[in-house]
Amino acid sequence: MRTRLAIKTHALLERTFPERRLFLRSDSDTRFIRLRPETQAIAFAGCSAVIGWTIVATAILLMDSIGSGSYREQARRDQVTYQQRINALAEERDSRAAEALAAQDRFNTALEQVSVMQTQLLKAEARARELETGLDVVQSTLGKTMKERETFRDQYASLRTKLEEGGAAAVAGTGDDSTLDFLTAALARTAEERDKRVADAEDAIMRADEMATEIRLMEEKNDMIFRQLEEAMTVSVKPLDKMFENAGMDPDRILGEVRKGYSGQGGPLTPLSFSTRGEDLGADAARANDILNQMDRLNLYRIAAEKVPFASPLKDPFRFTSGYGRRWGRMHEGTDFAAAHGTPIYATAEGTVVYAGWMSGYGRLVKIKHSFGIETRYAHNSKLFVEVGQRVSRGQKIAAMGNTGRSTGTHLHYEVRVGGKAVNPMTYLKAANDVF
């Protein structure tokens, strides 16, 4: 069976690869090499395999080279796009920072104007009370003068009647001129006193009209001051209300907690009270008290804003490298800021340092406890500038950026925790973006 199969195979190969002989002749001898069909078939198969492998390998290398070039070009384009995006974000951040500084300057200017307007308002209210008191006195004097004028008119008529009657009798009787002279002098004094009283009454009426005009002008001026103050308070307080609401904080609860430890009442913020008998203070006083309440709320907001981490931990140029959320299958509980090694890091709100040292994973770490159950963490630092128990204010330098702990490059890992639970720090930074 094997012989027949071998014979058939040899016959098939003989047709394609007939037996060949290679003659090798030298000067003295001639030799030959016989190439059997099987040998030629094996050689042909080997050469074909080598050639095929060479073609496939060359094609793979060419395709890989072309693909690598495309990937590199795409990576280069992505890198350029990413860099442009980073530059645009940096410019936008710088623009936002400049706008925040300008808004802070406008806020301070508005607060100064509010203080000046408040002083003017209090002076205007005092002047109005003086004018009202003076008007009451003038009206009382005018009434008394009118009564006295009527009395002198009656006396003048009586004396004139007596003079006419008594003068004729005196002339017809004794001819004594003393009574007539006395009556004439009394009549002259009465007429002079009457004229004086009439002139005083006219002056009082004119003075009353002038005072009424002055009071009306004062009321118009007060109304203008009130409108300006109300607009200034609206512009100043509403953004702060929105800022705390966007940060997920109840403004009334926050202000209530601030008021427990501090009272903005007193001095210029004391509510107006012009009466001790419980009388209605009037519309102006009510408006003034509303404005003072708004100013008190603004002052409490100013204190609360210092205690909440609304500020950025970096003042130098930086870029965001990783945000809050799940990353590589784990929860990333903060936001990463990348900048040069040694970049200063600042406290985002006033508080007390509760940890300053090395912690596994975090490297050199600073923990600051703030009001309202808030805590901030600053990790991977190269240097620390604060100690445990130290009180820090917003904007105070606390550390320098580094690459300590579980870190793949120089950056700041910044966390905000409320009640011990991590929250997104960008919530606070974005909420204060249009205010600070």
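When reading the values below, keep in mind they use all heavy atoms of this one structure, side chains included, and skip hydrogens, waters and symmetry mates. Keep in mind that this is a model prediction, so the values were computed, not measured.
- Taking the ring centre of Tyr346 as origin, the terminal cationic atom of Lys397 falls outside the region bounded by 6.0 Å and 45° from the ring axis.
- The two residues Pro309 and Val416 come nearest to each other via the heavy atoms CG-CG1, 4.2 Å.
- Residue Glu415 is tested with Tyr324, Tyr378, Tyr362 for a side chain to side chain donor-acceptor pair (under 3.5 Å); the sole match is Tyr362.
- Going from atom CD1 of Ile345 over to atom OG of Ser312 covers 10.5 Å, rounded to the nearest 0.5 Å.
- At least one side-chain heavy atom of Val308 sits under 4.5 Å from a side-chain heavy atom of Tyr428.
- With hydrogens and angles ignored, the 3.5 Å screen pairs a side-chain donor or acceptor of Thr343 with a backbone N or O of Ala340.
- Counting only distance, with no hydrogens or angles, the side chain of His370 and the backbone of Glu350 share a donor-acceptor pair below 3.5 Å.
- Across Thr348, Ile368, Leu384, a single residue satisfies side-chain contact (heavy atoms from CB on, under 4.5 Å) together with Ile398, and that is Ile368.
- The minimum heavy-atom distance between Ala347 and Ser393, with the atom names listed, is CB-O, 3.7 Å.
- Put simply, the side chain of Val392 reaches to within 4.5 Å of the side chain of Val386, judged on heavy atoms.
- In this structure, Phe44 places its CZ atom where only 12 or fewer heavy-atom neighbours from other residues, nucleotides or ligands lie under 6.0 Å away.
- Ser382 places a side-chain N or O within 3.5 Å of a backbone atom of Ala400 that can act as its donor or acceptor partner.
- Side-chain contact between Met63 and Leu61: absent, with no pair of heavy atoms (C-beta onward) separated by less than 4.5 Å.
- Interatomic distance, CG of Asp316 versus CE of Met401, reported as 8.5 Å (0.5 Å rounding).
- Between the side chain of Asn381 and the main chain of Ala399, no donor-acceptor pair closer than 3.5 Å is present.
- Ring orientation note: the planes of His413 and His332 are nearly perpendicular, at an angle over 60° on the 30°/60° scale.
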Evaluation steps, salt bridge (charged side-chain N to carboxylate O under 4.0 Å, His left out), between Arg417 and Glu333: CA-CA 9 Å; Arg417 294 176 177 264; Glu333 297 181 334; 2.6 Å; yes
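- The backbone N or O of Tyr414 lies less than 3.5 Å from no partner atom in the side chain of Thr335, so there is not a single donor-acceptor pair.
- Distance NZ/Lys369 to CZ/Arg391: 11.0 Å, rounded to 0.5 Å.
- The backbone N or O of Glu387 lies less than 3.5 Å from a partner atom in the side chain of Gln390, making a donor-acceptor pair.
- Residues Glu375 and Lys367 come closest through the heavy atom pair OE2-CD, 4.1 Å.
- Side-chain atoms of Tyr355 come within 3.5 Å of backbone N or O of Trp358 as a donor-acceptor pair.
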Stepwise side-chain contact (heavy atoms from CB on, under 4.5 Å) test for Leu412 and His380: CA-CA 6 Å; Leu412 164 66; His380 307 312; over 6 Å; no
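- Between atom NE2 of residue His411 and atom OG1 of residue Thr321 there is a gap of 6.0 Å, rounded to the nearest 0.5 Å.
- Counting heavy atoms from C-beta on, the side chains of Arg364 and Lys383 never come closer than 4.5 Å.
- Between Phe318 and Phe337, the two ring planes are perpendicular [angle over 60°; tilted spans 30° to 60°].
- Geometric assessment of Lys307 against the ring of Phe372 yields a negative cation-pi assignment under the 6.0 Å and 45° thresholds.
- No side-chain donor-acceptor contact under 3.5 Å links Ser407 to the backbone of Asn403.
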